[in-house]
Amino acid sequence: MTHAIRIQREARTGHLALALHLASLGLPVLPLRAGKGPFGNCRTCADNACGGRPNMKTPGPCVCPRPCHAWAAATADPAVLTSSAWATTWRDAGVVGYHPGGAGVTVVDLDDADAVAWARATLPPTRTVATTRGEHWIYSGTMRSVNGVRAGADIKSLMSYARWLGPGTGDLADLPDVVRALAEKKTSTARLAPRSVTVPALAGGGECRHRSPAYLERGIAMAEQRITDATSGVHATVYRTFLAVLSAHGRCGCLTEAHIGRLFTAAQAKGESPRHCTDAWSNAATTLGL
Ligand SMILES: [Zn+2]
Ligand SMILES: [Zn+2]
Ligand SMILES: [Zn+2]
């Protein structure tokens, strides 16, 4: 019993000690759950009620002292890392994460052997770190983060987090155009996807009850933010958000494909496939009897 407790304490000390070491090297770090995802927001920040942090895509005034808002809370400041507001989370942390963009790097996260084989055949050699089933390929330089740039491959850089798995081996190479191009390709696919969506009832064109473009715009912006901020259960969050948007604007005919496209883009940035987006959208419409 005492033995088990001692081991547990050492593990707890370990996360913060590692985080402080990485911070001293200039890496903004954050605690992650054992499941490798970030911790949920505190009650004040739940559902982004605080408006979000200033460094987020939609900047907000949040100065929450706790490690809320996932990557946006990552810091290299030892005073914050050792603060009492972070102490509970370090105690519950399963692993240590970092914000690659904040560290000036891009992680190509390769989930499995197939993705690694593709990288070896396609990408310039650089520093690599072994993961559970695949590898992280780390390049110097930052870019937009995009999930699912190909089967089993995510790009994690700005506004993203990655699990710290050690310094890896090999020399750090500059971020090559071939990696930047993966994000471009993915974006154009995402932009095309909504065009294939048809929800017939939406074309019904009943007069909008809301009469205010600002109301619609605010609703869409909030929905995008809610999807963007989802730290776990992205699948369910996307569906619930689509449901909320459709229940507000599904009958008035004021939703355009541009609005739907924004929601799909937000969902795809979180790793949802175009197929899942169209399915979730039509399921939500069916549920509401549209
Ligand atoms: Zn908070
Ligand atoms: Zn907040
Ligand atoms: Zn409306």
Side-chain angles (χ1 to χ4, degrees), residues 12 15-20 22-23 27-103 142 144-145 147 156-164 214-215 217-245 248 262-263 265-267 269-272:
R12 284 170 183 178
H15 294 313
L16 180 54
L18 172 60
L20 287 167
L22 298 175
L27 265 67
V29 288
L30 75 163
L32 296 178
R33 297 176 189 277
K36 300 169 206 163
F39 287 82
N41 291 350
C42 73
R43 197 175 299 179
T44 313
C45 296
D47 292 327
N48 222 43
C50 57
R53 294 193 190 269
N55 56 341
M56 289 168 66
K57 190 179 173 195
T58 305
C62 174
V63 288
C64 180
R66 290 169 288 269
C68 295
H69 306 289
W71 69 268
T75 179
D77 182 348
V80 174
L81 296 173
T82 56
S83 67
S84 58
W86 283 50
T88 324
T89 318
W90 284 124
R91 203 187 58 215
D92 296 339
V95 296
V96 175
Y98 67 107
H99 173 209
T142 62
R144 199 166 57 85
S145 299
N147 282 354
K156 300 179 170 185
S157 185
L158 299 171
M159 301 193 177
S160 184
Y161 64 89
R163 181 183 177 185
W164 175 260
Y215 177 86
E217 172 55 35
R218 197 163 59 236
I220 298 294
M222 277 172 58
E224 279 179 296
Q225 190 69 53
R226 200 195 293 179
I227 292 170
T228 302
D229 287 345
T231 51
S232 60
V234 172
H235 228 60
T237 304
V238 165
Y239 177 71
R240 276 202 309 271
T241 307
F242 286 1
L243 205 56
V245 170
R262 282 166 60 187
L263 300 178
T265 300
K270 300 292 286 191
E272 294 296 314

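One-based numbering, in listed order, for ligands and for the atoms of each. When reading the values below, keep in mind they use all heavy atoms of this one structure, side chains included, and skip hydrogens, waters and symmetry mates.
Ring to ring, Trp90 and His15 are not that close: their centroids are 6.0 angstrom or more apart.
Angle SG(Cys62) to the Zn ion (ligand 2) to SG(Cys45): 120° [nearest 10 degrees].
Looking only at distances, no side-chain donor or acceptor of Arg226 sits under 3.5 Å from a matching main-chain atom of Asn48.
Atom CG of Asp47 sits in a sparse spot, with 12 or fewer heavy atoms from other residues, nucleotides or ligands closer than 6.0 Å.
For a distance bound of 2.8 Å, the N, O or S atoms of Cys42 include none lying that close to the Zn ion (ligand 2). Under 2.8 Å from the Zn ion (ligand 2) lies no N/O/S atom of Cys68, from backbone or side chain alike.
Using the six-membered ring where Trp is involved, Trp71 and His99 have ring planes that are tilted, between 30° and 60° apart.
Between the Zn ion (ligand 2) and the N, O or S atoms of His69, the shortest distance is to NE2.
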